[in-house]
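Convention: sequence-line order gives letters A, B, ...; per-chain numbering from 1.
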Amino acid sequence: GNSVTQMEGPVTLSEEAFLTINCTYTATGYPSLFWYVQYPGEGLQLLLKATKADDKGSNKGFEATYRKETTSFHLEKGSVQVSDSAVYFCALSDPRSGYSTLTFGKGTMLLVSP
Amino acid sequence: NAGVMQNPRHLVRRRGQEARLRCSPMKGHSHVYWYRQLPEEGLKFMVYLQKENIIDESGMPKERFSAEFPKEGPSILRIQQVVRGDSAAYFCASSPGLADSYNEQFFGPGTRLTVL
């Protein structure tokens with residue numbers, strides 16, 4: 001079956017530090033890959049996505065590249081801000097009969113201090 | 001345009017009681033997904049509904065759980081005779097059409113169910 005594994009948190013960084021959150025996946029077929037972010041007390045928001053191998057998703061300074069050879073989709077940001085503190089979820093889509101359900105990793109909490 | 005609404009945000013039930021979780025999709029969205037997040041785990045798909053139809057309930061426990069999305073009103077996830085293992089965060093997502101790589105699912109803030 002499909003699964004997503006992401007690094008455990010919390011990840012604690014100082015402002016302006018470089019961020020990497022690792023994500024690897026197992027899937028049948030050719031899934032699309034996503035990063036969602038959840039700020040305290042809010043729902044999940046789509047941060048970025050990539051729909052095929054070698055695609056790079058980017059948004060708000062965050063980037064992730066779909067690496068089929070290593071089955072990875074690591075999230076990176078060059079300089080984090082305090083406002084980036086949140087829980088980040090890696091996910092893949094599982095196309096079935098014309099629609100997709102999402103398979104999520106356990107989430108990684110990021111804490112950024114001033 | 002209001003986002004996906006879920007209520008209540010927090011729900012406490014005693015073992016054996018019923019829990020009803022409500023989800024109002026974004027305006028214009030007719031597709032609803034329910035996910036459950038158990039402690040220390042990621043979100044797991046439960047059920048996918050369109051108006052008046054259950055499309056896929058492969059992630060739903062076979063007993064005590066049911067879901068509906070009537071023609072009028074919110075989608076309801078119903079858990080009968082709750083047990084402590086049902087304690088979790090339940091998230092609803094909606095999309096305007098078939099949720100695929102190109103049709104984003106928009107998530108609500110979740111309902112946190114605690115069973116005493």
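- Atom CZ of B:R9 has more than 12 neighbouring heavy atoms from other residues, nucleotides or ligands inside a 6.0 Å radius.
- With rounding to the nearest 0.5 Å, the separation of CD in B:Q37 from CZ in A:F89 is 4.5 Å.
- More than 12 non-hydrogen atoms from other residues, nucleotides or ligands lie less than 6.0 angstrom from CE of A:M7.
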Practice problem: Check step by step if side chain to side chain contact (heavy atoms under 4.5 Å, CB included) holds for A:L44 and B:Y35. | Solution: CA-CA 12 Å; A:L44 280 70; B:Y35 293 82; over 6 Å; no

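- Under a cut-off of 6.0 angstrom, the local environment of CD in B:Q81 is sparse, with at most 12 non-hydrogen atoms contributed by other residues, nucleotides or ligands.
- Neither the backbone nor the side chain of A:Q45 comes within less than 4.5 Å of any heavy atom in chain B.
- The line from CZ of B:F91 to OH of A:Y36 is 12.5 Å long, rounded to the nearest 0.5 Å.
- Across A:T101 and B:Q105, no two heavy atoms sit closer than the pair CA-NE2, 4.4 Å.
- At most 12 non-hydrogen atoms from other residues, nucleotides or ligands lie less than 6.0 angstrom from CD of A:E16.
- The candidate with the highest count of non-hydrogen atom pairs below 4.5 Å against chain A, out of B:G108, B:G59, B:C92, is B:G108.
- At most 12 non-hydrogen atoms from other residues, nucleotides or ligands lie less than 6.0 angstrom from CD of A:E8.
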